[in-house]
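Structure first, commentary second.
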2 protein chains.
Amino acid sequence: MNSQRGGSEGVDRVLAALADPTRRQVLDLLAAEREATATTLAERLPISRQAVVKHLAILEDGGLVSSTRVRRELLYVVMPAVLNATARWMDRLAADWDRRLATIRHIVEAVERDSRP
Amino acid sequence: MNSQRGGSEGVDRVLAALADPTRRQVLDLLAAEREATATTLAERLPISRQAVVKHLAILEDGGLVSSTRVRRELLYVVMPAVLNATARWMDRLAADWDRRLATIRHIVEAVERDSRP
DNA sequence: GTTTGACGCAACCCGATGGTTGCACGTATC
DNA sequence: GATACGTGCAACCATCGGGTTGCGTCAAAC
């Protein structure tokens with residue numbers, strides 16, 4: 001049940017969530033405020049509340065944030081765990097590439113020989 | 001030396017490049033073949049050569065692959081370095097979030113404060 | 001010299017996505 | 001009860017992005 005395939009279930013959503021600059025900005029703000037609602041975040045952002053809501057939904061889908069209902073408002077909090085997992089995924093992937101590149105250095109040779117500016 | 005901006009130029013492109021599943025598939029294939037051209041990759045993918053070309057362009061823009069002209073064909077190779085850098089960026093970000101969450105557990109407090117009749 | 005294969009460019013299609021506005025509903029507040 | 005605030009839902013718009021097809025071109029192979 002792990003997930004070391006080339007495919008990418010959870011990673012997919014995390015990367016998709018992180019890909020948008022505005023979304024990273026929302027995350028940044030949320031991390032700074034520790035906890036916030038969509039409306040308070042929207043007040044500090046150049047976009048509408050509804051836009052923030054959508055972003056938060058995507059972020060939550062990726063597991064990057066978590067929401068808690070408090071009476072009539074929805075409080076959001078940042079979740080670092082998923083980020084760590086994704087970073088490790090990247091590390092494994094990079095290591096894999098490195099391994100493959102290491103086994104055949106003659107490509108590097110070719111690159112250096114041909115890609116000389 | 002920090003970089004806690006919402007911006008994050010290079011990371012931006014890497015994440016954008018990695019966000020697409022097909023692109024990750026291209027990367028995977030490329031890593032497996034060690035080096036390949038757009039045409040050979042397209043042969044093993046369910047998409048057209050032109051589509052692969054576009055993907056490779058984006059990947060190269062993000063620094064994830066590197067191209068080398070060999071006679072009349074363009075050879076691509078995977079570049080692990082940027083992945084590592086991005087992973088480290090994620091780690092730092094996650095650590096930052098953790099720090100913030102750790103210093104204030106009073107989210108629960110806030111919840112209780114607001115939910116108190 | 002003609003054919004073959006690979007590249008690059010450009011136009012085009014269409015679905016996804018970021019963003020907006022408007023409104024209805026529930027929940028506090030007066 | 002009336003009012004104000006916050007959320008949720010839905011329609012709508014514009015752009016972007018992944019993908020395609022077609023064509024011109026240039027290096028190799030015959």
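Each chain gets a letter, A, B and so on, in the order the sequences are listed, and its residues count up from 1. Note that the structure is predicted; figures quoted are calculated from it, not measured.
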Practice task
Using a 4.0 Å heavy-atom cut-off, write out nucleotides 19-30 of chain D from 5' to 3' as B (base contacted by protein), S (sugar-phosphate only) or - (no contact).
Solution key: BBBB----BS--
Practice task
Only counting residues at least two apart or in another chain, list the ones meeting side chain to side chain contact (heavy atoms under 4.5 Å, CB included) with B:Ile47.
Solution key: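 Scan of B:Ile47 (side chain to side chain contact (heavy atoms under 4.5 Å, CB included), adjacent residues dropped) gives B:Thr22, B:Leu45, B:Ala51, B:Val52, B:His55.
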In whole angstrom, give the distance that lies between atom [atom1] of [X] and atom [atom2] of [N].
| X | N | atom1 | atom2 | value |
| --- | --- | --- | --- | --- |
| A:Tyr76 | D:dT7 | OH | P | 9 Å |
| B:Arg69 | C:dA6 | CZ | P | 14 Å |
| A:Glu60 | D:dT7 | CD | P | 14 Å |
| B:Glu43 | C:dA6 | CD | P | 7 Å |
| A:Arg13 | C:dA16 | CZ | C1' | 16 Å |

Practice task
Could you tell me which residues satisfy side-chain hydrogen bond (donor to acceptor under 3.5 Å, both in side chains) with A:Thr37, sequence neighbours excluded, listed by chain and number?
Solution key: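 Partners of A:Thr37 under the side-chain hydrogen bond (donor to acceptor under 3.5 Å, both in side chains) test: A:Thr39, A:Thr40.
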Exercise for the section: Please name all residues satisfying side-chain hydrogen bond (donor to acceptor under 3.5 Å, both in side chains) with A:Asp96, sequence neighbours left out, ordered by chain then number. Expected result: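 Per chain and number, A:Asp96 pairs via side-chain hydrogen bond (donor to acceptor under 3.5 Å, both in side chains) with A:Arg99, A:Arg100.
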Practice task
Name the nucleic acid region contacted by A:Ile58, choosing base, sugar-phosphate or nothing; use a 4.0 angstrom heavy-atom cut-off, strictly under.
Solution key: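 Sugar-phosphate only.
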Practice task
Examine C:dC7: is either OP1 or OP2 under 4.0 Å from a nitrogen or oxygen in the side chain of B:Thr37? Give yes or no.
Solution key: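 Answer yes for this pair, as a side-chain N or O of B:Thr37 is under 4.0 Å from OP1 or OP2.
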Handout entry: Qualifying salt bridge (Lys or Arg N to Asp or Glu O under 4.0 Å) pairs, either residue in residues 44-62 of chain B, two or more places apart
Key =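 Sorted pair list: B:Arg13-B:Asp61, B:Glu33-B:Arg44.
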Exercise for the section: Identify the two heavy atoms, one from B:Pro80 and one from A:Ala94, that lie closest to each other, and give their separation to 0.1 Å. Expected result: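 Looking at all heavy atoms of both residues, the shortest contact is CB-O, 3.8 Å.
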Problem - Where at least one partner belongs to residues 73-87 of chain B, residue pairs that pass side chain to side chain donor-acceptor pair (under 3.5 Å), sequence neighbours excluded - result: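 For residues 73-87 of chain B: none.
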